[in-house]
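Quick notes on the structure that follows.
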Amino acid sequence: MYRTHNNGELRLKDVNEEVTLSGWVQKIRDKGFMVWVDLRDRYGITQLIFDEERTDKKTLELAKTLGREFVIQVTGKVIERQSKNTAIPTGEIEILVDKLTVLNESQTPPFTIEDNTDGGEDIRMKYRYLDIRRNPVRENLIFRHKVSMEVRNYLSKEGFIDVETPYLIKSTPEGARDFVVPSRMNQGQFYALPQSPQTFKQLLMVGGMDKYFQIVKCFRDEDLRADRQPEFTQIDCEMAFVEQEDILNTFEGLTRHLLKEINGVEVAKFPRMTYDYAMKTYGNDKPDIRFDMKFGELNDVAKHKDFKVFNEAELVVGIAVPQGNKFSRKEIDKLIKWMQRPQIGAKGMVYVRVNEDGTYKSSVDKFYDQEDLAKWAEKTNAKPGDLICVLSGNANETRTQLSALRMELAERLGLRNPKEFAPLWVVDFPLLEWDEETKRYHAMHHPFTSPKPEDMNLLQSNPGKVRANAYDMVLNGNEIGGGSIRIHDRKTQEMMFDLLGFTKEEAEAQFGFLMNAFQYGAPPHGGLAFGLDRLVSILGGQETIRDFIAFPKNNSGRDVMIDAPAPIDEEQLKELCLKTDC
Ligand code: ASP
């Protein structure tokens, strides 16, 4: 038997007990006549003691040869510690060792296995298995496990059935780029890895499964942005005989349950916001509503003076930064420079200081008097001591820029508290979005999303105005989940593909299986998917999803530990018919 207890378990009440422990050597202190070893495993650290008087010579000598990360097994007696360590749960006892076995030696690890390690990101990724031995990484993985288990238990109790769907499927041009897998048995043909199990979960509804969920890997060959993984995990769900309201209530229930069980936070009913309102009020379809700073549109009160910049702008819009009047001129100038970087691309920024006495001082005093500025303050809900920041230009761009400013300032002012949770639903997304490049409409969510019945009549005449039965769940400025009520009849689905520029043949070739299924009694259905990696990192109060993935890829999509992707040999290429001369 390798162990009778783990290394986080023993207490004063166990004194005098004979125990066997196994684990890794965290630290050795050799005083010559006495050696202490900190023995570590997943559960904690227990101190071992070897000394001249009480340990036999051979064992003491062997203890002196131990190195960091050696794997050892010891047998000994639990004794009360002379100098107690209150920082760890086992800190009142130690093990007086009488038998030591080295189970495996270790090279000196390339970085310290401590909470604050000396290893940089790259080296830790290369030796991820050593990184996982560190408390913060291990704790994150255990945290993820807890979230997954809560999700499974909750959904299972609610009657959802976990069904696996295939990973080798067919490539479709919609959405992101597919990862493809060559088929050896069908030369020249390829599978694709699923971007999501979307069509399969719909087919499960046609199959009468009624409520489905799966915690499932999805694959998207997108250009990698910071903190994006080519493979990621979704909590994928679908329900039959539901309307949008049923879905929102069910998954609001799940999220509320998670916040309560995992974070101990009770949240009120989630606010709901239309896409249009979110864009107008926050410049963003995933607003962070932990703080206010709502947009105030100023066209009415800022145009038609002599200020050309505003007069020529499609939109003049501002936010009131709480207590922003404390920013120095220099700080504001810096902020303007920050806004003018190409990543944001603002041309400039007008600002108004709201003084404590209620007077205003603006960067455009030449054009606007106190009465004008009072109207700006009213529209942006500015209070004495605030700073009003105003941008102008093309409406969409300006909103996006102001949204970036809003988030940046909230960050600087410490308003984005990771321990606070502000979930909401964003609903009524547009069904389609126009793509200038390809000069055609794209499905904003995906082509299986149903239009709002009341907008059906616009489908031919004004497709851009049609709203979808689609919704996103937003948490602290992140889209953590999204879904829709689906089309479930062949005719509407055909019409949708037509709108998206598919020929009849293309639609049939790619999605004939789904449209056929719709002809055999498809029930009304809908669902959504959560991004598990992101959800876990937000609940865990941390920024990067990589910290919650056991073996993540780096920013170039590489696994630096196993060194993938990698070339394959000639023979394999030939066998797969990937060589031109095959
Ligand atoms: N399959 C969708 C996605 O991956 C989610 C859904 O509509 O259920 O975003």
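Bear in mind the structure is a predicted one, so any value in this text is a computation, not a measurement. Note that ligands are numbered from 1 as they come in the structure, with each ligand's atoms numbered from 1 the same way. Computation of the quantities below employed the complete heavy-atom set of this structure, encompassing side-chain atoms and omitting hydrogens, waters and symmetry-equivalent molecules. Each residue takes its place number in the sequence, starting with 1.
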Nearest non-hydrogen protein atom, atom 1 (N) of ligand 1: Q198 OE1, 2.7 Å
Proximal ligand 1 atoms for K201, defined as those under 4.0 Å from one of its heavy atoms: 6 (C), 8 (O)
Ionic contact status for E508 with R490, cut-off 4.0 Å: yes
D227 bridged to R534 by N-O distance under 4.0 Å: yes
Numbering as shown, the atoms of ligand 1 that approach H446 to under 4.0 Å (heavy-atom distance): 2 (C), 6 (C), 7 (O)
Value rounded to 0.5 Å, distance of CD1 in I487 from CD in E494: 11.0 Å
Heteroatom proximity flag, D236 to ligand 1, N/O under 3.5 Å: no
Shortest heavy-atom approach to atom 7 (O) of ligand 1 - which of Q202, E479, H445, Q234: H445
Between CG on residue L203 and OH on residue Y520, distance to nearest 0.5 Å: 13.0 Å
Atom 5 (C) of ligand 1 - nearest protein heavy atom and its distance: G482 O, 3.5 Å
Carboxylate-amine/guanidinium contact R124 E121, below 4.0 Å: yes
Contact partition for S196 relative to ligand 1, non-hydrogen atoms under 4.0 Å: side chain
Cation-pi, F160 ring and K211 (6.0 angstrom, 45 degrees): yes
R220 N/O under 3.5 Å from ligand 1 N/O: yes
Interfacing atoms of ligand 1 (cut-off 4.0 Å, heavy-atom, A529): 5 (C), 8 (O)
G483 neighbourhood, listing ligand 1 atoms whose heavy-atom distance to it stays under 4.0 Å: 6 (C), 7 (O)
Carboxylate-amine/guanidinium proximity below 4.0 Å for D455 and K465: no
